[in-house]
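In what follows, every heavy atom counts, from backbone to side chain, and hydrogens, waters and symmetry copies are set aside. Remember, it's a predicted structure, so these values are computed and weren't measured experimentally. In what follows, chains carry the letters A, B, and so on, assigned in the order in which the sequence lines appear, proteins first and then strands, with residues in each chain numbered from 1.
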2 protein chains.
Amino acid sequence: MKFTTRKKEIIFTAAKLFRKKGYSAVSMRDLAQALDMKAASLYNHINSKQEILSIIILEVAENFTQHIDSVLPQEASSIEKLESVIENHIKITVEKTDALACLNNDWMHLEQLALENYLQMRNTYEAKMRSIIEQGIKEKELKTANIELVLFSLLSTLRTLYLWYAKNRTVSIKLLTNEMKQNLLLGIIL
Amino acid sequence: MKFTTRKKEIIFTAAKLFRKKGYSAVSMRDLAQALDMKAASLYNHINSKQEILSIIILEVAENFTQHIDSVLPQEASSIEKLESVIENHIKITVEKTDALACLNNDWMHLEQLALENYLQMRNTYEAKMRSIIEQGIKEKELKTANIELVLFSLLSTLRTLYLWYAKNRTVSIKLLTNEMKQNLLLGIIL
DNA sequence: GTCTATAAGTCGATAGAC
DNA sequence: GTCTATCGACTTATAGAC
């Protein structure tokens with residue numbers, strides 16, 4: 001992996017460590033050692049450990065926000081919109097595995113503005129997903145069911161897909177995408 | 001909540017705190033304060049912070065192990081077995097929400113024997129789930145699909161259902177169970 | 001069984017030399 | 001931009017009084 005700046009290298013490495021042990025269990029000394037430098041030197045590139053976490057998480061959160069904002073106003077069926085959401089989750093899972101894991105597991109260690117910012121993006125994302133599901137039920141494309149549980153069933157699998165992908169990196173994205181659409185939308189019973 | 005021993009009260013309270021902030025971010029002082037006592041006094045009831053974590057996690061892991069061991073040899077269809085597994089996940093989600101969250105998020109902070117023990121139980125559990133899915137495909141009850149992804153789709157939702165349940169505690173278990181069977185087994189498309 | 005005091009080490013972060 | 005040295009607070013855990 002090549003980096004344009006030392007700061008990006010630090011953030012990339014931090015995401016890898018945070019994913020394995022969690023934000024709280026990784027010390028600045030651990031991070032420095034992984035980069036073959038001393039902890040004090042990190043502070044020439046970043047202001048605090050907290051800043052590293054917020055950069056990692058908010059960047060991924062913004063990726064999700066941008067995608068759902070582009071999908072929602074489209075003239076498309078609810079199923080097409082859900083498929084596009086699934087594709088985007090898989091894209092982020094593949095391209096930003098470590099950062100996605102941090103977002104999932106360490107968001108509660110964000111502070112102040114970064115935490116508010118994250119929670120606001122997450123709430124908005126879920127509200128927009130909910131409206132797609134409601135559209136689908138109204139237009140008789142989706143089964144009439146508990147909307148909150150349908151929303152959760154979809155998101156829980158998509159959010160944690162990185163756990164599966166980490167152990168199965170050789171799978172083709174096309175196969176992964178098709179199978180996930182099948183499983184999530186059509187179920188597994190013949 | 002009433003407790004038969006002080007040790008059980010400590011473990012119950014620890015699970016609540018670990019769930020909110022994660023094992024590493026909860027100090028023995030935090031735990032003591034939540035119990036209205038001093039940190040040093042905790043050590044009259046438990047040997048170490050690590051012991052608390054392993055008691056919390058291994059107890060839940062053994063619940064899962066016992067259930068799948070009782071389901072696997074039954075003379076039942078693969079779908080009936082999967083339904084029984086879903087019911088058990090929901091039962092544990094409802095009865096041991098905090099401990100289940102610890103198992104999901106903090107298992108990697110287990111050490112030595114406890115870690116080996118946990119990983120062995122998890123691997124065995126997944127292997128037995130896999131054999132149920134294989135049985136289902138062989139007997140043409142389940143669609144022919146990527147077994148590993150079907151397994152992951154099911155478990156990812158069941159394992160993180162506590163996140164949804166924590167915000168929707170008033171839902172009836174019967175409704176929750178029926179909806180989850182629908183979503184996971186039959187999909188959401190009409 | 002709970003307390004105070006404390007050991008021995010780690011934490012995030014800073015100052016200042018080079 | 002990296003280093004050594006260090007600060008002050010916090011960490012898990014123990015010793016011993018009550």
* Please give, in whole Å, the distance from C/dG12 P to A/L42 CG? -> 10 Å
* Which of these nucleotides, C/dA5, C/dT14, D/dT12, is closest to any side-chain atom of A/Y43? -> C/dT14
* Structure fact -> DNA chain C nearest-nucleotide lookup for A/S24 and B/D36: closer to the 5′ end is B/D36
* Asked: Can you tell which of C/dT4, D/dT6, D/dA13 lies closest to the side chain of B/K49?
  -> D/dA13
* A/A40, nearest nucleotide to its side chain (from C/dA15, D/dT12, C/dG12) -> C/dA15
* Structure fact -> Of the candidates D/dT11, C/dA13, C/dG1, the side chain of A/S48 sits closest to C/dA13
* Taking the side chain as every heavy atom from C-beta outward, state whether A/L35 and A/L42 have any atom pair closer than 4.5 Å. => yes
* Asked: Do the non-hydrogen side-chain atoms of B/S78 and B/K81 ever get within less than 4.5 Å of each other?
  -> no
* Structure fact -> Quick note, B/H45 side chain, CB onward, closest among D/dC3, C/dG1, D/dA13 is C/dG1
* Asked: Just how far, in rounded Å, is P of C/dG12 from CD1 of A/I10?
  -> 14 Å
* Check whether any side-chain heavy atom of A/L185 lies under 4.5 Å from a side-chain heavy atom of A/I86, and answer yes or no. => yes
* To do: Starting at atom CG of B/L17, determine the distance to atom P of D/dT12, rounded to an integer number of angstrom.
  => 12 Å
* **Separation of atom CE in A/M37 from atom P in D/dC3, rounded to whole Å** => 6 Å
* Asked: In whole angstrom, what separates B/K8's NZ from C/dG1's C1'?
  -> 19 Å
* The side chain of B/S41 lies closest to which of these nucleotides: D/dC3, C/dC3, D/dT11? -> C/dC3
* Asked: Would you say B/S27 reaches D/dT11's phosphate, i.e. side-chain N/O to OP1/OP2 under 4.0 Å?
  -> yes
* Structure fact -> B/L31 atom CG is separated from D/dT12 atom C1', nearest whole Å, by 12 Å
* What integer distance in Å separates B/K38:NZ from D/dT12:C1'? -> 17 Å
* To do: Rounded off to whole Å, could you give me the CZ-to-P distance for the B/R29 and C/dT6 pair?
  => 14 Å
* To do: Taking atom CD of B/Q120 as the centre, report whether more than 12 heavy atoms of other residues, nucleotides or ligands fall under 6.0 Å from it.
  => no
* **Non-hydrogen atoms of B/A34 and B/L17 that approach each other most closely** => CB-CD1, 4.0 Å
